[in-house]
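Along the sequence shown, the residues carry numbers beginning at 1. Both counts, for ligands and for their atoms, begin at 1 and track the order of listing.
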Amino acid sequence: AAELAPVPAPEERELEAALRPKNLDDFVGQERVRKQLSLVLAASRIRGRSADHVLMSGPPGLGKTTLAMIIAAEMNAPLRISSGPAIQHAGDLAAILSSLSEGEVLFLDEIHRMSRPAEEMLYMAMEDFRVDIIVGKGAGATAIPLELPPFTLVGATTRAGLLPGPLRDRFGFTGHLEFYSVAEIELVLRRSAGMLELKLTSAGFAEIAGRSRGTPRIANRLLRRVRDWALVHGMETIDARTASAALDMYEVDVRGLDRLDRSVLMALVSKFNGGPVGLSTLAIAVGEEPETVETVAEPFLVREGLLGRTPRGRIAMPAAWEHLGLKMPGNAVA
Ligand code: ATP
C-alpha cells in the first residue's frame, strides 16, 4: 500500500517518523489488535523465543508499519523492512533471509504482491527456518539447504483475502486493523499537536478529525497542512474556522473526501448514471489503476455508505448523489 500513497517529501517523512508511537502503550486505538499482540509478545518473551509470525491486514495508513516497528522494539530485536513488489525473484528473498540475525523482525509490506517462487520459498522459511537454494539449471540443478536463524515475519496486506491460503495459514496470528473512530483520531491529533508544539481549540481538533477518514496518517497530514496555513496567516491558536478554511483550500471536504474520492463518485453518477459499473471501467474513467481505486478510495466510500459493491459492479448509493449536491434520477439502481 505504501507505494499507492503519494510519496512524501523528506521533511514530511521525517515528521511522520517523529510522530510514530514507539511502544504499544502509545499506540492509540485498535484495542483488540493491541491486546492480542501484547499477549503474543509477552508469551514469546516468557518462552525466550522469537515471536510467532504476524499478519496485519487493513487499509493503508492505519499503522501496520508502526506496529511492525513496535513489535521489534518490544522484542528488543532489530527490524528489516522490505516489500512484496521489491521481491521479484526467489533469490531476492534468499538474500534477505540469509542475512537475518537471530530473532530479527522482518517486515514485508504488501506481501500479497510477492512473486510466486519467492512465496514458495517463504513457506519453508516460515515453517522450518530453512530455505533451499537452487544452484544450476535444468537436470543438473541441485538444491542446497540453508539453515536460517529463527526470525519473526510481520506481513502486511491491504486485505487478508488477497493472500493464498497456504501463506495465510503459516502466520500464527492475524490482526485486522479497523478505521479509527473520530474520538480516537482526535487522540492521535492531540498527541501529534503536542509533539509539534501546536495550539488548537477542541473544535479545531474536531474539525480536522472529522475530515481524516478514520486514518491516522491522513490526520497527521491534514494537521501539517493546517499548521502551514496557520503559520502563513499568523494564527497562534487554530480554531475550527482556521482548520476548515485551510482544509477547504486543500480540497478535503467536510466528510474527508479528497479529489480521488470525489472523482470516483462523480464518474459513477455522471458517466454511468450511478452504475452498476465494473471496477476496471470505473478506474479508467478516473484515470487511475484499479488497485488504487479499490484499496485507496473504495474502503472509505463503502464505509461511508456512498458507494456499494454488487456482483454486477459498483453503484452510487443515494448518499453519494446527496453529497455531490445532485438529484438522484428515478432510474438509478441504488
Ligand atoms: P501502509 O500500509 O500504507 O504502510 P501503515 O498502515 O503501515 O500504512 P503507518 O505508516 O504505520 O501506516 O502509519 C502512518 C502514520 O500514522 C505514522 O506516521 C504514525 O505516526 C501514525 N499512526 C498510525 N497508527 C497510529 C496510532 N495508532 N496512534 C498514533 N499514530 C499512529
Side-chain angles (χ1 to χ4, degrees), residues 1-38 54-74 79-86 105-114 154-160 162-163 174-196 198 205 208-209 212-225 227 256 260 289 291-292 294-300:
E3 64 158 23
L4 293 173
V7 179
E11 193 214 349
E12 297 274 286
R13 230 184 288 201
E14 261 169 49
L15 274 177
E16 197 169 286
L19 296 179
R20 268 184 210 286
K22 303 279 184 287
N23 52 53
L24 275 183
D25 289 336
D26 279 350
F27 193 85
V28 174
Q30 307 294 346
E31 222 49 55
R32 186 160 357 130
V33 173
R34 238 177 39 196
K35 273 203 195 120
Q36 294 164 335
L37 207 51
S38 138
V54 174
L55 179 65
M56 252 138 13
S57 75
L62 298 192
K64 298 187 287 295
T65 309
T66 303
L67 279 175
M69 292 178 170
I70 289 176
I71 291 173
E74 302 246 337
L79 174 72
R80 185 82 57 94
I81 297 182
S82 187
S83 74
V105 175
L106 171 62
F107 177 60
L108 289 183
D109 203 1
E110 297 187 85
I111 192 168
H112 60 279
R113 295 182 60 191
M114 219 166 29
V154 179
T157 178
T158 42
R159 274 195 288 137
L162 293 171
L163 286 196
T174 301
H176 297 282
L177 297 191
E178 314 278 349
F179 284 109
Y180 293 68
S181 69
V182 175
E184 288 167 340
I185 291 293
E186 275 198 47
L187 288 179
V188 172
L189 286 169
R190 282 180 188 276
R191 181 174 172 275
S192 301
M195 297 177 79
L196 298 173
L198 298 175
F205 279 119
I208 303 175
S212 299
R213 6 180 359 158
T215 307
R217 175 184 292 144
I218 297 179
N220 282 339
R221 193 194 304 150
L222 298 187
L223 181 66
R224 295 194 296 263
R225 294 293 73 80
R227 172 202 61 177
L260 173 66
E289 293 296 320
E291 196 183 345
T292 307
E294 190 176 25
T295 62
V296 180
E298 280 190 356
F300 176 68

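Ligand-side atoms of ligand 1 in range of Pro216: 16 (O), 21 (C), 22 (N), 23 (C), 24 (N), 25 (C), 31 (C), range being under 4.0 angstrom from any heavy atom. Proximity to Pro60 (heavy-atom distance under 4.0 Å) selects the following atoms of ligand 1: 3 (O), 8 (O). Here is the list of ligand 1 atoms found below 4.0 Å of a heavy atom in Asn220: 20 (O), 21 (C). Every atom of ligand 1 is numbered from 1 in the order shown, and the set under 4.0 Å from a heavy atom of Leu19 is 20 (O).
Residue contacts with ligand 1 include Gly61, since one or more of its heavy atoms lies under 4.0 Å from the ligand. The shortest heavy-atom distance from Gly29 to ligand 1 is not under 4.0 Å.
Panel note: side chain Arg191, backbone Leu19; a donor-acceptor pair is recorded below 3.5 Å. Of the possible donor and acceptor atoms, one in the side chain of Lys64 sits under 3.5 Å from a partner among the backbone N and O of Gly58. Using a distance-only test at 3.5 Å, with no hydrogens or angles considered, no donor-acceptor pair links the side chain of Arg213 to the main chain of Phe300. Panel note: side chain Glu178, backbone Gln30; no donor-acceptor pair is recorded below 3.5 Å. In this structure, Thr157 contributes its side chain and Arg159 its backbone to a donor-acceptor pair below 3.5 Å.
Considering Thr65, Val54, Ile71, Leu67 in turn, Thr65 is the only one that fulfils the side chain to side chain contact (heavy atoms under 4.5 Å, CB included) rule with Phe107.
Under 4.0 angstrom from ligand 1, the non-hydrogen atoms of Asp109 all belong to its side chain.
Considering backbone and side-chain atoms together, Gly63 places an N or O closer than 3.5 Å to an N or O of ligand 1. Where the criterion is an N or O separation shorter than 3.5 Å, residue side chain and backbone included, Tyr180 meets it with respect to ligand 1. The distance criterion of under 3.5 Å between nitrogen or oxygen atoms is not met by Asp26 with respect to ligand 1. Remark: ligand 1 and Val28 share an N or O pair separated by less than 3.5 Å (distance only, no angle test).
Considering only heavy atoms from C-beta on, Leu62 stays 4.5 Å or farther from Met56 through its side chain.
With sequence neighbours excluded, the residues satisfying salt bridge (charged side-chain N to carboxylate O under 4.0 Å, His left out) with Glu298 are Arg309, Arg314.
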Stepwise, does the side chain to side chain contact (heavy atoms under 4.5 Å, CB included) test hold for Glu294 with Thr158? CA-CA 10 Å; Glu294 190 176 25; Thr158 42; over 6 Å; no

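In this comparison of Leu67, Leu189, Thr65, the heavy atom closest to atom 4 (O) of ligand 1 sits on Thr65. Considering each of Lys64, Met56, Arg191, the one bringing a non-hydrogen atom nearest atom 2 (O) of ligand 1 is Lys64.
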